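Hydrogens, waters and symmetry mates play no part in the numbers below; they use all other heavy atoms, side chains included. Count residues from 1 along the sequence. Whatever order the structure lists them in is the order used to number ligands and atoms, beginning at 1. Model, not experiment: these values are computed from the prediction.
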Amino acid sequence: MLPSPVDRPWRFLLALAILPAFLSPGCSRGRPNTPPADRAGADAPHADTPERHEFARLCMGVETRIILYANDRAQAVARAAMAFERINELDHALSDYRLDSTLSRVNAAAGAEPVAVDDDLFDALRTSMHLAALSNGAFDPTIGPLVQVWRVQRRTGQPAPAGEQRSALALVNWRDLDLNAQTRTAFLRRKGMRLDLGGIGKGIAAQEAVRTLTAMGSPRCMVSLAGDIAAGLPPPDQPRGWRIEVRSGAEAPPIGTLWLAQMSVSTSGDSEQFIELDGVRLGHIIDPRSGRTSAPGAFAVVVSSRGDHADALATTLLLTPADQRESLLLALADGHKDDTSRAGAIIEEPSPDSPSHRGRSTIDPFGVLRWAP
Ligand code: ADP
Ligand code: MG
């Protein structure tokens, strides 16, 4: 029997994000060292005491874990399969690695014609546009061309010619994405533009998987895709929630442990996804307005009532001046009166006065960060 999450806090590491998001087609069991699909199922079922079950697969290019409570193994396996299937469906809508995704079809028609999109892509793009507007373009779903240049640099180990970087930057602008709610179409106005939802897709997937498990009768659950975690109701033996240990990297000392229940938490930073060119560290969080990457070593942890906001905000806050971060969280809550968005964040970054020192700040206007002893 595995220790419960109470004994062994759920380790929440940026370091888990070891593969690029959206790399693999769908969820698979084929990864070496992946734990057996069901690690708690060996015990005999107890009809009225829900048992803890844990599953792990590779989805959207990262290790994806589900913990759920169910009455017996067969029930748990069936429910987890539905949740993985939901993640797979989102991957087919949102992935820029899959040539057959709805998103890739929009990219292929850039500068030519609007493309009819499924609800998953439409909703993700609508949320992304809202975040882009509120963040003065710090979050941008059309970041694709700059990400492509970054990936080429990672592959070749060589800096891209300045001209390539400039042309990519000129193609990034969320205002040139037309989303039509009547026709449910998306249109990138200029040839060469490219959508990339790597900064929001895993948060959406974790949240949707929790929704699926809840709808199927397992509301006490938690789903993680690398550094993006969504929690349902708390485990039966821990009414305060799931314990989430926060670190900035695999080797870094823990910052603390958070309680999480019916909330999501995401991290962003360059501790895993970075390249070094001519001694300069370039992370995968890119400012769409300048093409520059986020400050080396900076990382953000965001807790939010919405998985999509947690994920996208963790990326966005690293590109937002310190004195505008709280107003961004407040503006986001204001725009979602019916569908409340409450978020708080911890940000660690080199201090502006002396870059060799790191400063840590907490922004928590709604009191959503609950530290465990
Ligand atoms: P991870 O995918 O490792 O969890 P993030 O959630 O921070 O990390 O997302 C980083 C990804 O988001 C990048 O790989 C890229 O696809 C995309 N991205 C980078 N910069 C931006 C930006 N300014 N706005 C929107 N998406 C971005
Ligand atoms: Mg993110």
Could you list the atoms of ligand 1 found under 4.0 angstrom from a heavy atom of Ile285? 7 (O), 19 (C), 20 (N)

Pair Arg105 + Glu113: basic N to acidic O under 4.0 Å: no

Note: ligand 1 atoms sitting under 4.0 Å from heavy atoms of Thr315 are 5 (P), 6 (O), 7 (O), 9 (O), 21 (C)

Pair Asp176 + Arg190, salt bridge at N-O below 4.0 Å: yes

So is Ala138 polar-close to ligand 1, meaning N/O to N/O under 3.5 Å? yes

Quick note on ligand 1: atoms under 4.0 Å from a heavy atom of Asp311 include exactly 6 (O)

If hydrogens are left out, which of Ser294, Gly198, Gly227 has an atom nearest to atom 11 (C) of ligand 1, that is, the closest non-hydrogen atom? Gly198

Arg306 with Asp311: basic N within carboxylate O range, under 4.0 Å: no

State if Pro288 counts as touching ligand 1 under the rule of any non-hydrogen atom under 4.0 Å. yes

Thr293, Leu131, Asp196: member with heavy atom nearest to atom 16 (O) of ligand 1: Asp196

Number the atoms of ligand 1 from 1 as they appear, then name those within less than 4.0 Å of a heavy atom of Leu319, with their elements. 23 (N)

Any Ile229 side-chain heavy atom under 4.5 Å of Ser264 side chain: no

Salt-bridged, Arg289 to Asp140, with N to O below 4.0 Å? no

Should one rank His284, Met60, Arg151, Lys202 by closest heavy-atom distance to atom 8 (O) of ligand 1, which comes out on top? His284

For a side-chain hydrogen bond (donor to acceptor under 3.5 Å, both in side chains) check, start with the C-alpha distance between Asp353 and Ser351, then their side-chain angles and the critical distance, and finish with the verdict. CA-CA 6 Å; Asp353 312 323; Ser351 95; 5.0 Å; no

Can you find an N or O of Gly199 that's nearer than 3.5 Å to an N or O of ligand 1? yes

Does the Asn107 side chain pair with the main chain of Arg194, one donor and one acceptor, at a distance under 3.5 Å? no

